[in-house]
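The next block holds one structure in the form of structure tokens; read it before the comments.
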Amino acid sequence: MDTSNFFKRIGHYMNFSYLKEQNKRRFYVWIFWIAFMVFLWFFPTKYVPGTILCLLPIAGQFAYAILTHEVYEALILGTIANYIFWYKGAFMTKFVDNTVKNLQDGETILMIASFLLCGGMIVMFTRSGVTVSFGKFLTKKFGKSEKRILTSAGIIAGVMSVDDYISSLTNGAAFSPIMNNIKKPRMALSFMIKTFSTCASCLLPYGAWGFYIIYQIEAAKNVDGLMDAFHIFLRTIPYQFFPICACVICLLFAFGKMPKLGKMKDAYEAAERGEQYGAAEKTSGDDIELIDEMVAADPRKQNVGVFNLVIPIIILIIAMFATGFNGFLCFIIPMIICGFMYILQGIFRLDEYIECFIQGCRDMMDMTIILILGYSLQTVLAEMSFDTFILKVCNIIPVAGLIPFFFFVYFGLEEYLVTMNYTLYLLLFPTLMVVLPQVGANVPLCIAAVISAGVFGGNNCIVSDLGIIAAKSCQVDIYDQFVCCQPYYWISFVISAALYLAVGLIF
């Protein structure tokens, strides 16, 4: 385009023929999306509250993500679609008001601060050379055994699942260089880390999910304090079929007993050619290969002891319990201690250490934006009386023994469209603890079914923050990770559904 005329440029680049020539599929997707927005705008809101129509914009969001493979676009446009659907012409004002309100919440601020600090910690580990040293240590112990490396990554991620975000980010940064060295796909590592970080977290009382679930159970009127809630949670553990099945399938995958299915097979074929299938777009701040080269060229970062990784992680876990899971303090304490450790050893200068923090904040900005959008989406869904719709559905189940199966399948599919795992538990558990005994249902089994549904969505939803973090830490594309993991999670889903049906009817 050789003209600077404003209107001529718009006429050229917005011309239908030009747009269609650039990307035919995206052209038709946008025609669909514009028509969809117009439909949502004119749809009467009086039919929406407490009905399945709450999910209409989310269905469009999911379709957009599948057709374009653009997760961030889908989340942004899907959030806007919900606001247009509910608020019509006032959608932008309400979006801003709700976003500001959410950002004024103390817990939200702490979570965002935790993300930023966590990003700094990951950059600090990678740039210091400690992850390279950790990789060499494991390679020395396990050689180039993919089975041992993947199994170790999964187990360590599970042990560290006292916070699933920390587990994913730390283990992704530590094990990704090893997968590069043995010429195996980082996609497989992302699958292992994502699964164990979330699944173990809800199976352990001290895990981030387990801890949160206990508090939601305790909020019920008929639960006598945290200790009573703790014992109820313990009774759900054997019935958390999806987390258990997913972990077992992951271990079989690591041992080579589970076949490489779908796109995961393509990832292994690409690795044999020396390529990384679904490798994320490289940036100067977080490209694993570039950082490895920088570390190898810097004599200060050679032979860095593995304790430089182990000690901060131990301090991090201790800080979580000591501070009552205050995410900001949990990260700032080990970062300060690491600062002294690394600077005294000559690994960093003070300015280099500060740059790690700044770069880490930059790297986590996309995650922060997703978090903010997620809260805004949850707010508008709550105003549509989404929780009322869920309770209506629960009341129509005719046989108490079918409730666990129905809970898992229905909420699992709903979470697959847009995961709200923590919100799902927040909305349901205080009510279910009161309602379930009245209908003669097995309370621990039903609660476990809802937990499993949330974990399925947290692992398998295309816009899941947990999936995004695992992809980020392993340097793989979010959409490609979503596609590669699908067969294994759906196998776990089907097995779990069968178990909830059988156990529900028997007990």
Side-chain angles (χ1 to χ4, degrees), residues 118 122 125 131 134-135 137-138 141-142 145-176 178-179 186-214 233-234 236-255 257-258 309-310 312-318 320-321 325 330 421-422 448 451-452 454-460 464-467 469-474 481 485 488-489 491-492 495-496:
C118 190
I122 296 305
F125 285 152
T131 55
F134 184 65
F137 171 77
L138 289 178
K141 291 290 184 182
F142 302 142
S145 171
E146 181 195 5
K147 296 178 182 179
R148 294 183 179 182
I149 291 170
L150 284 180
T151 302
S152 299
I155 292 174
I156 294 173
V159 171
M160 290 180 61
S161 66
V162 63
D163 188 289
D164 46 358
Y165 288 172
I166 298 168
S167 178
S168 291
L169 286 165
T170 304
N171 285 284
F175 281 90
S176 289
I178 305 175
M179 298 301 285
R186 294 198 300 266
M187 197 66 74
L189 174 66
S190 177
F191 169 52
M192 293 292 297
I193 288 175
K194 178 173 68 165
T195 304
F196 272 92
S197 294
T198 54
C199 292
S201 185
C202 69
L203 289 167
L204 300 172
Y206 64 80
W209 287 43
F211 191 78
Y212 179 82
I213 290 166
I214 290 170
F233 173 78
L234 289 182
T236 71
I237 293 175
Y239 298 130
Q240 291 185 32
F241 297 138
F242 179 81
I244 294 170
C245 288
C247 286
V248 170
I249 285 178
C250 260
L251 289 175
L252 292 174
F253 177 88
F255 294 152
K257 303 299 183 182
M258 174 66 65
L309 177 65
V310 175
I313 291 174
I314 292 174
I315 294 172
L316 181 64
I317 295 174
I318 294 173
M320 283 183 177
F321 289 99
F325 288 81
C330 289
N421 34 69
Y422 276 14
I451 294 172
S452 289
V455 178
F456 171 72
N459 276 285
N460 210 25
S464 167
D465 54 347
L466 306 171
I469 289 174
K472 179 86 175 175
S473 66
C474 295
Q481 174 192 247
C485 296
Y488 304 101
Y489 290 140
I491 291 172
S492 300
I495 295 173
S496 301

Going through the distances and angles, do T151 and F255 end up as a side-chain contact (heavy atoms from CB on, under 4.5 Å)? CA-CA 8 Å; T151 302; F255 294 152; 3.3 Å; yes
Should L189 and S176 be marked as a side-chain contact (heavy atoms from CB on, under 4.5 Å) after you check the CA-CA gap, both sets of side-chain angles, and the distance that decides it? CA-CA 7 Å; L189 174 66; S176 289; 3.7 Å; yes
Could you check if a side-chain atom of F125 sits within less than 4.5 angstrom of a side-chain atom of P312, using non-hydrogen atoms only? yes
Say you draw a straight line from OH of Y488 to CE of M192; how long is it, rounded to the nearest 0.5 Å? 11.5 Å
Sidechain-backbone polar pair: Q240 side chain, I451 backbone, donor-acceptor under 3.5 Å: no
Return the minimal non-hydrogen interatomic distance between S492 and S496, and the atom names on each side. O-OG, 2.7 Å
Exam field: side chain S201 to backbone W209, donor-acceptor pair closer than 3.5 Å: yes
Working to the nearest 0.5 angstrom, can you tell me the gap between M258 CE and I249 CD1? 4.5 Å
Nearest 0.5 Å, please: how far is SG in C199 from CG in L204? 11.0 Å
Where do Y239 and S452 land on the side-chain hydrogen bond (donor to acceptor under 3.5 Å, both in side chains) test, with the steps shown first? CA-CA 9 Å; Y239 298 130; S452 289; over 6 Å; no
Could you tell me if the side chain of L251 sits less than 4.5 Å from the side chain of K257, heavy atoms only? no
To the nearest 0.5 angstrom, please state how far the SG atom of C202 sits from the CZ atom of F242. 9.5 Å
What's the verdict on side-chain contact (heavy atoms from CB on, under 4.5 Å) for Y489 and V455, showing C-alpha distance, side-chain angles and the deciding distance? CA-CA 10 Å; Y489 290 140; V455 178; over 6 Å; no
Report the distance from atom CD1 of I193 to atom OG1 of T198, rounding to the nearest 0.5 Å. 11.5 Å
Under 3.5 Å: donor-acceptor pair, side chain of S190, backbone of R186: no
Are any non-hydrogen side-chain atoms of C250 and F191 less than 4.5 angstrom apart? yes
Can you see which heavy atom on C485 is nearest to which on K194, and at what distance? SG-NZ, 4.0 Å
Would you say the side-chain atoms of T236 pair up with the backbone N or O of F233, donor to acceptor, closer than 3.5 Å? yes
In terms of heavy-atom contacts, I495 and C245 come closest through CG2-SG, 3.7 Å
